[in-house]
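Heads up: the structure comes next, in structure tokens.
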Amino acid sequence: MKALEDAQAYVIAAIQPLGTSEVPLAESLGRVVAQPVVVREPMPPFDNSAMDGYAVLAADVTQVPVRLTVLEDVAAGSVPTEPIVVGTATRIMTGAPMPRGADAVVRVEDTSSPSRDEVVVASSVRRGDNVRLAGGDMKPGDVIVVPGTRLTSRHLATLASAGIDPVVSDLPTVAVMSTGDEIVDPSTPVLKLGTIRDSNRVMLMSMLNELGVPVLDLGIIGDDPRELRSAYETAADGADVIVSTGGVSMGDSDYVKQILSDLGGIEFWKVAMQPGKPFAFGAVNGVPLFGLPGNPVSTFVSFEQFVRPALLTMMGARYVMRTHIEGTMGEDVTTSSDRRVFLRVYIEMDDQGSFIARRSGGQGSNMHLSLSRADAFAVIPVGVGSLSAGDHVTLEMFRWPEGRGFND
Ligand code: AMP
Ligand code: MG
């Protein structure tokens, strides 16, 4: 058996990052930034009011109440014309430029206006109160996104504010196929004895969608050498990465092995992990190929451990592994000790704010239900074999539960 970390290191070392290009901001969600994003202008671009109220000289309102003459009104989007001098104020809206001379804003709630051109200020302010200074958010030359960052909606807002289209890494197109004579389309209403619906492909395509990479769907391929060979060739023609499921375990017909040896070379490993021990990695006409085991949970784990990090590496991401957090096992578990075990668990928070992990259902590698209910893997290292309720455990998060009712 091959240690998981050795298998992962081998795969990552074989992966080449893709090129880069500038993309319109609105198309950059989930893309990985390839060059530091540097701001050209201050943001905010000008000193402006943080409140609806009155722009004043702070020195004028140290003794309150005090009556000031209102010079003008400035709405957001318009420009003040009158400088503030002793004894004057300007009615100002949130986001409007500060008048020259003014150094603070009094909130409208802290004023009354006996007439259109007068205001009575009821509380004092200090210089700078309720004023947003130019450059207070970002300054010219600031690096606002570092290379390797996957862009979120919040990054996009920041880039929009700075008026910048990012340079991002190109996306790998990933060909996906399910293999197996027993596999039928999910839309099959009545299953003939011996057949099962293809659950891997939609899962893989969805995981790829979550990563934002284009997918080439090659459908279900029977255990037939000619069919398989032509599918792998089509995949290599149209994609940067090939992911197939099934046909890599011991009992399988050796087709995949034969074909892939002809087409570019492949290694079949027994990886010291559970689920997901059988795994094949190679290339078809130079295009990396991941041969994942057919059982759906093995497919999921193998995708998480090998394919996802490899794709993120191609995409230039700085971090390619899921977040690990420290949690507590909520129940006793016994597992094999010769492999790293990934238990499907759901997470609850106890009164102390600790994450408590409990199995989300049966742990067979064919069992979908516990996978769909899981938030994380409880990762049990090689050599441990059993944990008791209350023991610390590493949680590899693939879903962050929302709210408290997350066991669904
Ligand atoms: P294999 O890796 O081809 O030996 O398949 C292992 C197990 O996974 C068998 O029980 C297969 O029927 C099942 N399996 C293979 N491919 C799929 C698939 N696409 N969807 C659901 N189950 C599958
Ligand atoms: Mg099979």
Side-chain angles (χ1 to χ4, degrees), residues 1-2 4 7 174-210 215-232 234-235 239 241-261 266-282 284 289-308 336 339 341-342 344 361-374:
M1 270 199 297
K2 208 176 184 66
L4 175 55
V174 182
V176 177
M177 67 180 102
S178 293
T179 73
D181 281 340
E182 78 283 26
I183 310 300
V184 297
D185 193 82
S187 64
T188 309
V190 180
L191 291 174
K192 279 202 240 120
L193 182 62
T195 65
I196 53 166
R197 296 190 186 90
D198 179 8
S199 49
N200 286 341
R201 198 160 39 101
V202 71
M203 175 174 66
L204 288 172
M205 293 197 296
S206 306
M207 293 165 97
L208 294 165
N209 281 336
E210 284 171 359
V215 174
L216 178 62
D217 177 10
L218 293 178
I220 300 165
I221 312 297
D223 291 315
D224 169 77
R226 213 166 302 154
E227 220 187 316
L228 277 167
R229 189 187 178 104
S230 108
Y232 282 118
T234 307
V241 172
I242 306 167
V243 179
S244 65
T245 74
V248 296
S249 25
M250 287 301 283
D252 268 296
S253 39
D254 278 335
Y255 298 141
V256 174
K257 212 171 282 185
Q258 277 166 31
I259 295 158
L260 292 170
S261 310
I266 183 115
E267 300 208 29
F268 287 79
W269 295 333
K270 290 193 182 81
V271 181
M273 67 175 183
Q274 186 183 40
K277 182 168 73 170
F279 172 69
F281 180 67
V284 179
L289 164 89
F290 294 82
L292 310 186
N295 274 306
V297 184
S298 306
T299 295
F300 180 81
V301 178
S302 307
F303 183 93
E304 288 281 307
Q305 299 308 317
F306 295 111
V307 185
R308 190 176 181 278
S336 36
R339 300 192 258 165
V341 178
F342 293 91
R344 279 149 272 169
Q363 299 289 318
S365 60
N366 62 321
M367 292 180 170
H368 298 90
L369 193 53
S370 56
L371 183 60
S372 65
R373 288 179 171 164

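If you read the sequence from its start, that first residue is 1, and numbering goes on from there. Computed over heavy atoms, backbone and side chain alike; hydrogens, waters and symmetry mates excluded. Ligands are counted one by one from 1 in listed order, and the atoms in each one are counted from 1 as well. Keep in mind the model is a prediction, meaning the values are calculated, not measured.
The shortest heavy-atom distance from S199 to ligand 1 is under 4.0 Å. Ligand 1 lies nowhere less than 4.0 angstrom from a heavy atom belonging to R201.
Counting the atoms of ligand 1 from 1 in the order shown, those under 4.0 Å from a heavy atom of E182 are 11 (C), 12 (O). Of all the atoms in ligand 1, the ones that sit under 4.0 Å from a non-hydrogen atom of D198 are 18 (C), 19 (N), 20 (N). Close contacts between ligand 1 and R197 involve ligand atoms 20 (N), 21 (C) [criterion: under 4.0 Å to a heavy atom]. Ligand-side atoms of ligand 1 in range of S178: 19 (N), range being under 4.0 angstrom from any heavy atom. Set against the non-hydrogen atoms of I196, the atoms of ligand 1 under 4.0 Å away are 12 (O), 21 (C), 22 (N), 23 (C).
Summarising the geometry of L208 relative to V174, their closest heavy-atom pair is CD1-CG1, 3.8 Å, with the distance given to 0.1 Å.
Closest to atom 15 (C) of ligand 1 by heavy atom, among G294, G247, S244, G246, is G294. Of the listed residues (V248, T179, N295), the one carrying the non-hydrogen atom nearest atom 6 (C) of ligand 1 is N295.
If you look at F281 and F290, their ring centroids are closer than 6.0 Å.
For Q274 and S336, the side-chain atoms include at least one donor-acceptor pair closer than 3.5 Å.
Taking a cutoff of 4.0 Å between a charged side-chain nitrogen and a carboxylate oxygen, D185 and R197 do not qualify as a salt bridge.
Of the possible donor and acceptor atoms, one in the side chain of S302 sits under 3.5 Å from a partner among the backbone N and O of S298.
Using bins of under 30°, 30° to 60° and over 60° for the plane-to-plane angle, the ring pair F279/F306 lands in the parallel bin.
Residues satisfying the salt bridge (charged side-chain N to carboxylate O under 4.0 Å, His left out) test with D224, not counting sequence neighbours, are none.
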